[in-house]
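Since the structure is predicted, the reported quantities are computational estimates derived from the model, not experimental observations.
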Amino acid sequence: MVNYTISLLVEQDLIKEEPISLFSPSNPKPIKTIFLSNIDQTLSFPVETVFFYKVPPNMPSSSTADIAERVRKAVEKVLLIPYYFMAGRLNFNSDTKRLELVCNNAGALFVSAESRFSIDDLGSLSQPNPSFHSLVHRQGLYQKSLAETAVFTIQVTRFECGGFALGFMTNHAILDGKSASEMFNNLASICRGEALKPDMINNDRTCIRARTPPQIHFPHNEYVNPTNKTSSRSIASSFTSQERTSPSPLIFSDKYKHKLFSFTSEMLKKLKQKSTVKCSTFDAILAHIWKARTKAILNHKDQDQESRVLFAVDIRDKISPRYRILSPGTPW
């Protein structure tokens, strides 16, 4: 039987060193400024990712004693050459009224930490655990200016068993899920002594620049505020703007509880059988969750209330000319 119990880390369970700045050894000169698309403008928020690694059974726990140093050198000496822009800073250009990425080599932040726990002591790693935020170096979402906020932080936490966690903070305006995953894979390759693929990194986002003047040929209801009583102001949102440069504080509110729901193959089969048209597994789960949420938050007496569901679609291979598959940013 699967164990779904979790253990919460507290401040006393970790010993963290002071963060140090890592700089790109080949930052462009003069300083380069990278254009951010309209989609990037509305999704400028920090994304936290944690990976856990156990020591293989055939290796001693001491084999990871230098893991923090290995990761630091891999980032500083190799990764930040093609990913030099990850040592830059976001800037709001008062002339263009847009966010931009300034490659000023202000530095990524690196933290080394140790825990008295073993990875097994943490319980199920697949379950939501609010204390895992301590495995990521947070700079504060609302306290610092853009010039003071690194767009890339790395924390290496080594556990008593020799296992370790890699915690990353990136910014969605600079890396979406696919491009962040590619960067993490490149870092892993470097740590293994293998090569990365710098020639595949393309940071030119001008190909998805909005036309001037704007040309709107289709209705975009996803950007229109709902007219029902559940206004957009009361709903937690990750979208950002000139007035709100970080996600809604409601996202981090205690009013929300995080749970993980598992769908067995039999459950998925029954869900898909309820559909009157052929649908994918994704369609079936999305419709099921959308229906459940709508029932939970809307007034049952008013049948005319509007309920929406939004999800991202990667368009890298759907536009012409094709947007290079490993391009950073948010091409959807």
Side-chain angles (χ1 to χ4, degrees), residues 19-26 34 40 43-56 64 66-88 90 101 103 107-113 119 122 125-126 128-129 132-139 149-159 163-203 205 238 312 314 316-317 323-332:
I20 61 174
S21 296
L22 305 182
F23 305 101
S24 171
S26 61
I34 295 176
D40 296 328
L43 292 172
S44 174
F45 57 84
V47 178
E48 298 176 352
T49 309
V50 181
F51 298 98
F52 292 92
Y53 300 88
K54 289 187 175 182
V55 177
T64 61
D66 64 340
I67 188 61
E69 184 68 7
R70 269 190 278 165
V71 173
R72 183 189 66 79
K73 288 182 177 179
V75 173
E76 188 174 36
K77 296 183 180 299
V78 184
L79 189 74
L80 287 181
I81 294 178
Y83 288 95
Y84 62 88
F85 52 91
M86 296 302 291
L90 287 170
L101 178 58
C103 303
L109 294 181
F110 179 87
V111 173
S112 176
I119 289 183
L122 301 179
L125 301 180
S126 65
N129 189 327
F132 283 173
H133 70 80
S134 61
L135 302 176
V136 177
H137 178 59
R138 286 181 167 180
Q139 307 166 85
T149 305
V151 298
F152 183 30
T153 74
I154 311 100
Q155 180 175 316
V156 181
T157 305
R158 187 171 182 270
F159 296 93
F164 59 94
L166 295 183
F168 300 98
M169 191 284 296
T170 56
N171 190 291
H172 202 289
I174 302 169
L175 296 178
D176 70 347
K178 180 172 285 188
S179 49
S181 175
E182 182 61 29
M183 185 182 72
F184 298 150
N185 285 331
N186 268 325
L187 176 58
S189 295
I190 299 167
C191 290
R192 291 193 301 265
E194 302 170 6
L196 50 77
K197 301 173 182 177
D199 58 308
M200 299 184 71
I201 298 173
N202 172 30
N203 232 327
R205 311 176 193 197
S238 293
D314 189 350
R316 284 177 173 87
D317 60 349
Y323 195 64
R324 295 189 65 177
I325 194 68
L326 298 183
S327 300
T330 312
W332 53 258

Results of side-chain hydrogen bond (donor to acceptor under 3.5 Å, both in side chains) for Thr157 - residues two or more places apart only: Gln155

Can you see which heavy atom on Val55 is nearest to which on Gly163, and at what distance? CG2-N, 3.6 Å

Drop me the distance from Asn203's CG to Leu101's CG, to the nearest 0.5 angstrom. 7.0 Å

Not counting sequence neighbours, which residues clear side-chain contact (heavy atoms from CB on, under 4.5 Å) with Val50? List them please. Phe52, Leu135, Val136, Ala165

Would you say Ile67 and Val156 make side-chain contact, with heavy atoms under 4.5 Å? yes

Could you tell me if the side chain of Tyr83 sits less than 4.5 Å from the side chain of Leu196, heavy atoms only? no

Which residues share a side-chain contact (heavy atoms from CB on, under 4.5 Å) with Ser24, sequence neighbours left out: Ser26, Asn27, Leu80, Tyr84, Asn105

Under the rule for side-chain hydrogen bond (donor to acceptor under 3.5 Å, both in side chains), what residues qualify as partners of Arg158, not counting sequence neighbours? Thr64

What is the minimum heavy-atom distance between Pro25 and Glu76, and which atoms define it? CD-O, 3.3 Å

What I'd like to find out is whether the side chain of Ser112 reaches to under 4.5 Å of the side chain of Arg72, using heavy atoms alone. no

Donor-acceptor contact present, side-chain Ser21 to main-chain Gly107, <3.5 Å: no

Pairing residues for Phe110 by the ring pair (Phe, Tyr, Trp, His ring centres under 6.0 Å) criterion, not counting sequence neighbours: none

Pairs touching residues 186-196 that satisfy salt bridge (Lys or Arg N to Asp or Glu O under 4.0 Å), sequence neighbours left out: Arg192-Glu194

Can you give me the closest heavy-atom contact between Ile190 and Ala74, atom names plus distance? CG2-CB, 3.5 Å

Residues in side-chain contact (heavy atoms from CB on, under 4.5 Å) with Ser181, at least two apart? Asn185

Just jot down the side-chain contact (heavy atoms from CB on, under 4.5 Å) partners of Lys77, sequence neighbours excluded, or say none. Lys73

Just verifying a value: how many Å separate Arg138 CZ and His133 NE2, rounded to the nearest 0.5 Å? 5.5 Å

Can you confirm whether Val151 sits close enough to Leu90 that some side-chain heavy atom of one is under 4.5 Å from a side-chain heavy atom of the other? yes

Between OG1 of Thr153 and CD of Gln139, what distance do you get to the nearest 0.5 Å? 6.0 Å

For Leu79 and Met86: C-alpha separation, side-chain torsions, deciding distance, then whether side chain to side chain contact (heavy atoms under 4.5 Å, CB included) applies. CA-CA 9 Å; Leu79 189 74; Met86 296 302 291; over 6 Å; no

Spacing of Leu125 atom CG and Ile119 atom CD1 [to the nearest 0.5 Å]: 7.0 Å

Run the side chain to side chain donor-acceptor pair (under 3.5 Å) test on Ser179 and Asp176 for me, step by step, so that the C-alpha distance in whole Å, both residues' side-chain angles and the decisive distance to 0.1 Å come before the verdict. CA-CA 6 Å; Ser179 49; Asp176 70 347; 2.6 Å; yes

Residue pair Leu175 / Phe152, side-chain heavy-atom distance below 4.5 Å: no

For Ala150 and Leu109, which heavy atoms make the closest approach, and how far apart are they? CB-CG, 3.9 Å

With side chains defined as the heavy atoms from C-beta onward, is the minimum distance between Leu166 and Phe184 less than 4.5 Å? no

Checking Phe164 now: which residues fulfil ring pair (Phe, Tyr, Trp, His ring centres under 6.0 Å) with it, not counting sequence neighbours? Tyr53

Return the minimal non-hydrogen interatomic distance between Ala108 and Ile154, and the atom names on each side. CB-CD1, 4.4 Å

From CD1 (Ile174) to CE (Met183), nearest 0.5 Å: 10.0 Å

